Amino acid sequence: MSVKIEINNIPLEVEKGTTILDAAKMIGIKIPTLCYFEGLQDPGSCRLCVVEVEGANTLIPSCITEVTEGMKIKTNSKRVRSARKILLELLLSSHPLECNTCDRNQDCELQTLAEEYGIREVRFHYDKLLPLDYSTPGIIRDPNKCILCRRCVVACQEVQKVSTLSPRFRGMRTVIAPGQEDLLAEAVCVQCGQCAAVCPVGAIIEHDDTEQVWEVLEDPNKYVIVQTAPAIRAALGECFDLPPGSLVKGRMITALRMLGFDQVFDTNFAADLTIIEEGNELLSRLKKKLVDKDDSVKLPMFTSCSPGWINYMEHFYPELRNNVSTCKSPQQMFGAVAKTYFADKIGVKKEDMVVVSIMPCTAKKFECSRDEMADSGVQDVDYVLTTRELGKMIKQAGIDFVNLPDGEMDAPLGISTGAADIFANTGGVMEAALRTAYEVVTGRGLPFEKLHVTPVQGLEGVKEAELTIKGALPEWSFLEGITLKVAVAHGLGNANKVIESVLSGEKEYHFIEIMTCPGGCIGGGGQPRLTSDKVRLARIQAIYKEDEGRELRKSHENPAIKKLYVEFLGEPLGEKSHHLLHTKYFDKKNSKSKSKM
């Protein structure tokens with residue numbers, strides 16, 4: 001059913017239930033917002049989106065008001081403009097006026113709106129003197145800059161179902177904080193960074209490690225190598241005003257060399273390694289369960305690549321610890337291999353090697369600091385920079401990123417396949433695993449066009465697929481005729497739905513992929529802001545394009561991985577790989593200690 005309305009004297013027919021804000025977008029009219037964000041519940045708290053509706057006594061918030069038949073709307077009347085300017089002044093009245101030194105300078109929605117509405121002075125003043133929260137490796141909170149828009153609250157409570165952040169106290173004393181104003185390190189926080197991804201100002205940001213990285217790059221006694229996650233190549237260009245989904249892998253490699261890294265490698269190498277270990281782990285579990293009738297073996301098996309998901313599981317569902325693959329994430333596998341196999345290969349002491357990761361994720365900063373991530377004998381990964389931090393370093397170095405020539409990854413830890421590329425996307429780890437596992441079991445490639453398992457692709461929150469094994473090789477004959485049931489969830493709210501369906505017995509799966517962030521790593525908390533579904537889809541399509549352009553598209557075809565096993569690891573799930581590439585998990589729900597995050 002449709003209704004007829006007028007916006008600024010322009011007649012328009014829209015579906016019933018459409019908000020005024022969305023109706024205005026349809027005809028190219030931008031209404032300012034700070035609390036509203038696509039995909040989040042609309043809190044209607046900032047009131048910047050107010051409009052004038054004929055017959056209404058007061059101005060109406062457009063983000064939560066649905067159109068009605070015959071509604072006549074003014075989005076830019078004098079009354080509306082005056083109200084918005086006053087609202088902006090009130091927001092600025094308690095906001096530190098330190099734009100030049102703020103992490104969000106020129107990337108701040110409040111700053112942009114203040115300029116658009118010509119705010120040249122603030123008539124009201126109320127100083128906040130609240131302590132900053134530096135307690136975790138991943139995220140910094142500055143409550144003095146908070147404008148109480150509640151985007152972070154909705155992301156934390158509704159999207160991620162973690163509920164760390166919420167409004168505390170009332171009136172002028174209101175703050176957004178965990179618990180009773182606890183530090184994040186003392187709260188149940190998974191460090192996903194989705195709060196930082198949606199914050200319109202500088203109230204929540206990643207912990208900036210760029211200065212430490214500059215220091216090691218300038219230290220002649222350190223051999224500094226860098227690994228880049230697959231999601232970076234489809235998003236880094238946005239830091240330099242390129243369209244979302246621009247593939248900039250070659251330019252990124254050149255820029256990293258210009259920054260001074262001794263070797264430029266690819267986390268994709270370790271993603272291929274993860275598939276070999278994780279795929280063998282899944283097949284081993286299936287064999288023990290189906291052939292040996294070992295009831296101690298836990299199914300379904302969950303992926304373990306996403307550290308935010310691991311934190312979530314340890315806090316909320318520790319009973320699933322034995323269901324989660326023991327494989328480390330690709331980031332941590334890379335660090336362990338780099339400081340053992342590669343360090344020995346080039347004759348560098350592991351104590352003198354520094355591994356820097358470029359990640360789309362704030363939880364990766366947290367992950368590398370976990371006590372157990374030191375199986376090389378030292379900390380396996382030393383520093384993690386987000387996509388945004390790398391963009392900042394490139395700008396600081398004065399590099400003309402857009403016009404750089406393409407570079408090539410160094411060998412051997414820069415060699416990878418298309419299966420590793422798609423780790424960036426929701427459903428990608430599952431697809432990569434199936435490409436290898438199916439071929440190992442049958443000797444044939446997946447029976448799908450372009451190797452894509454389309455049921456697990458896209459932005460639907462929970463996706464399922466079934467694959468019947470036909471023509472299994474003799475050693476895998478016990479799988480003949482078995483229908484492998486898999487599920488994929490992205491965003492922890494959707495992960496919660498899958499877990500509950502499994503625990504209740506409603507659903508049965510063999511293998512489940514969980515990614516912490518909406519869209520997967522391409523929508524990570526450290527990616528360029530702001531990430532809408534349109535941006536996510538552009539990045540996702542770029543990653544699939546990267547995969548399809550590869551000569552090698554299955555992890556087990558990677559020649560550098562084959563050589564790694566021959567020269568160093570021996571065999572998948574072997575003693576050395578178990579020591580370096582696998583880990584254990586903790587029960588944080590029933591532990592008073594927060595030291596292992």
Side-chain angles (χ1 to χ4, degrees), residues 103 128-170 173-199 201-209 212 306-321 359 361-374 379 383-384 386 492-493 495-496 516-517 524-526 583-597:
D103 182 79
K128 294 181 186 176
L129 294 172
L130 301 172
L132 276 62
D133 182 355
Y134 290 95
S135 63
T136 69
I139 295 171
I140 296 172
R141 291 175 52 248
D142 183 351
N144 299 293
K145 294 178 180 176
C146 179
I147 60 171
L148 304 179
C149 70
R150 291 167 171 75
R151 278 191 197 171
C152 61
V153 175
V154 177
C156 189
Q157 293 187 2
E158 302 298 326
V159 178
Q160 299 296 64
K161 299 294 183 183
V162 176
S163 299
T164 301
L165 298 173
S166 60
R168 305 293 176 190
F169 311 116
R170 302 181 67 180
R173 295 178 61 238
T174 302
V175 295
I176 306 298
Q180 294 300 313
E181 293 187 284
D182 290 339
L183 297 175
L184 278 178
E186 298 168 354
V188 178
C189 173
V190 301
Q191 294 289 297
C192 67
Q194 286 302 306
C195 54
V198 299
C199 179
V201 292
I204 308 178
I205 59 174
E206 66 265 56
H207 202 292
D208 190 336
D209 292 307
Q212 292 93 317
S306 178
W309 146 241
I310 295 299
N311 286 333
Y312 181 80
M313 178 274 297
E314 289 177 323
H315 278 300
F316 293 96
Y317 294 99
E319 64 270 30
L320 293 177
R321 283 175 293 163
M359 294 286 146
C361 176
T362 54
K364 289 291 183 183
K365 291 175 178 281
F366 196 76
E367 178 187 43
C368 79
S369 68
R370 289 180 66 127
D371 293 342
E372 65 274 17
M373 297 300 176
Q379 185 172 330
Y383 301 104
V384 174
T386 63
L492 293 176
N496 177 270
T516 302
C517 298
T583 189
K584 58 184 177 180
Y585 309 110
F586 301 91
D587 182 348
K588 296 176 184 173
K589 182 178 183 179
N590 299 304
S591 171
K592 294 181 181 179
S593 171
K594 300 291 184 182
S595 60
K596 287 185 179 293
M597 300 296 283

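These numbers come from the heavy atoms of this one structure, side chains and all, not from hydrogens, waters or symmetry mates. Owing to the predicted nature of the structure, the values given are computational and were not obtained by experimental measurement.
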Shortest non-hydrogen contact between [X] and [Y], atoms and distance:
| X | Y | result |
| --- | --- | --- |
| A363 | G308 | CB-N, 3.8 Å |
| T174 | F169 | OG1-O, 3.7 Å |
| T386 | G526 | CB-O, 3.5 Å |

Taking only residues two or more places apart in sequence, or in another chain, which ones meet [X] in a side-chain contact (heavy atoms from CB on, under 4.5 Å)?
| X | value |
| --- | --- |
| S369 | P137 |
| D209 | H207, Q212, K365, L385, E389 |
| C146 | L148, I176, A203 |
| T516 | Q160, C192, S306, W309, L492 |

Answer yes or no: is there a donor N or O on one side and an acceptor on the other, between the side chain of R173 and the main chain of R170, under 3.5 Å?
-> no
Main-chain N/O of G138 paired with T362 side-chain donor or acceptor, under 3.5 Å | no
Considering only heavy atoms from C-beta outward, does the side chain of [X] approach that of [Y] to under 4.5 Å?
| X | Y | value |
| --- | --- | --- |
| R141 | P178 | yes |
| R151 | V154 | no |
| I139 | C195 | yes |
| F316 | K588 | no |
| K589 | E314 | no |

With sequence neighbours left out, write down each residue that passes side chain to side chain donor-acceptor pair (under 3.5 Å) with [X], or none if nothing qualifies.
| X | answer |
| --- | --- |
| S135 | D133 |
| N496 | Y312, Y317 |
| S166 | R168 |
| Q194 | none |

Steps toward salt bridge (charged side-chain N to carboxylate O under 4.0 Å, His left out) verdict (K364, E367) = CA-CA 5 Å; K364 289 291 183 183; E367 178 187 43; 3.3 Å; yes
Mind checking the [atom1]-[atom2] spacing from [X] to [Y]? Nearest 0.5 Å is all I need.
| X | Y | atom1 | atom2 | result |
| --- | --- | --- | --- | --- |
| D103 | E206 | CG | CD | 6.0 Å |
| I310 | R370 | CD1 | CZ | 7.5 Å |
| C156 | K161 | SG | NZ | 11.0 Å |
| L184 | I140 | CG | CD1 | 10.5 Å |
| L320 | Y585 | CG | OH | 12.0 Å |
| L165 | I204 | CG | CD1 | 5.5 Å |

Report the residues that fulfil salt bridge (charged side-chain N to carboxylate O under 4.0 Å, His left out) with D587, sequence neighbours left out, ordered by chain and then residue number.
-> none
Could you walk me through whether C368 and M373 pass side chain to side chain contact (heavy atoms under 4.5 Å, CB included), step by step?
-> CA-CA 6 Å; C368 79; M373 297 300 176; 6.0 Å; no
Could you walk me through whether V384 and F366 pass the side chain to side chain contact (heavy atoms under 4.5 Å, CB included) test, one step at a time?
-> CA-CA 9 Å; V384 174; F366 196 76; over 6 Å; no
